[in-house]
Amino acid sequence: MKHFDLEFENSLKMAEKRAYLSDIIPSSEMQLWNNKNLVVIQAPTGCGKSTLIQTTLYDLAKTQNKKILILVNREKLKKEFETDIINNKKEDVIDVMTYQTLEAYTKNHGTQYDLSEYDYVISDESHYFHNDSLFNKYTQESFDNIISSNSVKVFMSATNKSLINYLDYYEYDYKLYSLDTDYSYANITFFNKKLYIYDLLRSLKEEGEKAIIFMQDIMLAYEIYDMFKDDSLFLCSKSNKQYYRYVNEDKINNMLENKKFDCLFLITTTVFENGNNIKDENLHHMIIQLSDLDSIQQCIGRKRIECSDDYLNIAICNLNNQALGGLLTKNKEVVRGAELLIRLGERAYVSRYSKDYDPCVYDIYNDAEKRVEKRINSFRYFKCKNNIKMYSKWLADEDKMGFKKDVIKLFGKEWEGGIYCFNEDEVKGKQTLNEYMESIKDKDLLKDEQKDLIKKIGLKDSRNGRLIKSVNFLNSYLSEEGYKYRIESKRKKKDGKKITIWIVKEIIKGDRNCM
């Protein structure tokens with residue numbers, strides 16, 4: 001079986017026997033739970049998390065005349081849970097709500113949502129507190145609301161490592177139940193250039209093979225989709241107005257309902273990592289361009305392994321030192337603002353930073369004190385602190401393999417060096433191109449000169465062999481290949497008409513605009 005352009009023996013199979021949560025958490029164990037300690041469940045998809053709550057815990061709660069609240073991270077999941085609960089006639093005991101409902105209540109009322117009617121509060125997809133803190137400052141509020149409730153508090157996820165580290169750091173008492181994820185079905189490889197994704201997809205298209213492509217760079221995600229749109233679906237968050245207009249909602253809804261897409265490729269941001277599953281015996285390939293280890297693990301879990309013969313070929317884009325340096329700088333900036341607030345208080349923070357400077361700090365109305373106060377999302381803060389340590393370690397790795405080693409470790413495999421890497425063709429003539437760009441830098445390049453530069457770079461569309469003219473693509477290529485130049489495109493008046501000129505600029509070390 002081909003793994004893109006690699007040959008693999010078809011020997012990595014899913015384990016014959018799968019463990020289930022009911023094996024380690026029987027009803028008798030649940031009866032020992034109390035509201036003093038937290039319950040943390042880390043287990044892969046398909047091991048019975050929903051059955052555990054909607055059957056075993058339901059039966060226990062019903063006999064004790066108690067109520068269960070299930071909290072989920074997306075409205076779509078809420079509706080799915082509600083449908084299952086109503087169909088199974090269990091709405092007498094179980095309610096479903098989103099974390100965002102708790103957060104909105106606190107923002108609007110300055111106090112926490114009253115959870116006193118619930119004896120069990122189940123936080124499903126509990127990696128939410130960390131992962132969504134990257135774009136939602138208020139995940140702290142829903143967590144605090146849950147923790148302050150007088151209920152048995154259960155946190156469930158396939159990727160609870162970050163939450164466990166957080167609970168350890170802040171010295172919470174908890175009971176951990178864990179099932180290891182079997183990744184024997186997965187073949188993992190890495191590639192170094194984001195633009196190599198085109199070659200992978202071209203190869204897959206020729207073979208008629210399906211793939212999911214998870215992208216961090218949404219601009220590149222769309223441009224890839226645009227090149228393969230006849231064979232692809234595109235998905236991003238609704239909040240991204242610039243790109244969501246390219247999402248075909250009918251086809252996406254059909255995919256979510258059937259847990260299968262009809263075209264060859266699904267090109268998506270991490271919006272798809274949240275609780276969605278694909279059950280398709282013909283889907284055997286995944287391409288991932290992400291930097292967050294938890295998100296990588298979540299994305300891989302979106303493909304449900306249904307039988308012992310199933311497998312998944314996973315190609316992950318490596319992080320080079322330039323990308324790591326940019327990530328390190330961004331995380332340090334987040335931590336810097338939060339630590340100023342911790343050390344010197346609100347007045348010093350406000351005098352130093354504008355209202356929306358720090359994605360880690362937010363305003364909330366405190367009804368008890370009748371004032372607006374600044375709070376820190378400790379999940380974002382904790383994650384950024386850990387990221388700084390992790391990125392620094394990767395940058396210090398002598399083999400420049402730090403990211404790859406940790407990804408492999410995440411999936412319970414041993415690092416074996418080059419066996420995990422694609423043998424990509426290196427672009428020749430680097431020195432010649434550097435000399436050429438040095439000779440034309442800071443000059444206004446007109447149409448014919450732009451064509452000359454395009455020819456010199458020589459970047460081609462993998463589908464049709466044509467030279468790529470997009471400035472964004474050319475700059476991505478130059479950056480990934482380590483060239484010290486970038487191209488700026490500007491509109492300028494010449495002979496009374498507006499024309500597009502290009503200017504080659506040398507990247508000065510430390511120039512933030514070039515990261």
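Atoms considered below: every heavy atom in the structure, side chains included; atoms not considered: hydrogens, waters and symmetry mates. All values derive from a computational prediction rather than experimental measurement.
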- prompt: Within a strict 4.5 Å, meaning less than it, do heavy atoms of the V335 and N331 side chains meet?
  reply: no
- request: Salt-bridge test for K374 and E346: reply yes if a basic N is under 4.0 Å from a carboxylate O, no otherwise.
  value: no
query: Taking F143 as the fixed residue, which of Y166, Y99, Y138 is the one that meets the ring-ring contact (aromatic ring centres under 6.0 Å, His included) rule?
result: Y166
Quiz item: cation-pi between K67 and Y118, 6.0 Å / 45°: no
message: I'd like to know if the side chain of K175 reaches the main chain of W33, judged simply by a donor and an acceptor atom lying under 3.5 Å from each other, with no hydrogens or angles considered.
response: no
message: Does any part of the side chain of L38, heavy atoms only, come nearer than 4.5 Å to the side chain of D173, both counted from C-beta?
response: no
query: N88 side chain to K90 main-chain N or O, any donor-acceptor pair under 3.5 Å?
result: no
field: Within-4.5 Å side-chain heavy-atom neighbours: L176 and N160
entry: no
- prompt: Do E488 and K490 meet the salt-bridge criterion of a basic N to acidic O distance under 4.0 Å?
  reply: yes
- prompt: Do N145 side-chain atoms and E141 backbone N/O form a donor-acceptor pair below 3.5 Å?
  reply: no
- prompt: Between F403 and F190, what is the ring plane arrangement, given parallel below 30°, perpendicular above 60°, and tilted in between?
  reply: perpendicular
- prompt: So, does D95 use its side chain to make a donor-acceptor pair with the main chain of L69 at under 3.5 Å?
  reply: no
task: Go through the steps to decide whether N258 and N254 satisfy the test side-chain hydrogen bond (donor to acceptor under 3.5 Å, both in side chains), and finish with yes or no.
output: CA-CA 6 Å; N258 296 314; N254 183 66; 2.8 Å; yes
query: Which atom pair, heavy atoms only, marks the closest approach of L163 to S126?
result: CD2-OG, 3.9 Å
- request: Can you see which heavy atom on Y381 is nearest to which on A338, and at what distance?
  value: CD1-CB, 3.7 Å
message: Under the criterion side-chain hydrogen bond (donor to acceptor under 3.5 Å, both in side chains), I'd like the reasoning laid out for Q216 against T270: C-alpha separation, chi angles, the key distance, then a yes or no.
response: CA-CA 7 Å; Q216 187 166 297; T270 54; over 6 Å; no
- prompt: Got L344 and Y349 here, is their nearest side-chain heavy-atom distance under 4.5 Å?
  reply: no
message: Please check: side-chain N/O of K303 versus main-chain N/O of L283, any donor-acceptor pairing under 3.5 Å?
response: yes
- prompt: Under 3.5 Å, is there a donor-acceptor pair between the side chain of T83 and the main chain of K79?
  reply: yes
query: In terms of the angle between their ring planes, are Y196 and F191 parallel, tilted or perpendicular, with boundaries placed at 30° and 60°?
result: tilted
field: Residues R371 and E373 bridged, charged N to O under 4.0 Å
entry: yes
field: Minimum side-chain heavy-atom gap Q42-L179 below 4.5 Å
entry: no
- prompt: Does the S157 side chain pair with the main chain of E125, one donor and one acceptor, at a distance under 3.5 Å?
  reply: no
message: Pair Q100, N136 - check side-chain hydrogen bond (donor to acceptor under 3.5 Å, both in side chains), show working.
response: CA-CA 10 Å; Q100 292 87 345; N136 175 10; over 6 Å; no
- request: State plainly whether the residues D226 and K229 are in salt-bridge range, i.e. N to O under 4.0 Å.
  value: yes
task: Look only at the side chain of N34 and the backbone of N37, and say whether a donor-acceptor pair between them is shorter than 3.5 Å.
output: yes
message: Test of understanding: with side-chain hydrogen bond (donor to acceptor under 3.5 Å, both in side chains), list the residues that count as partners of D119, not counting sequence neighbours.
response: none
query: What are the two closest non-hydrogen atoms of V121 and S151, and how far apart are they?
result: CG2-OG, 3.3 Å
Check: T98 side chain, T101 main-chain N or O, donor-acceptor pair, under 3.5 Å: yes
message: By the salt bridge (Lys or Arg N to Asp or Glu O under 4.0 Å) test, which pairs, at least two apart or in different chains, include something from residues 146-169?
response: none
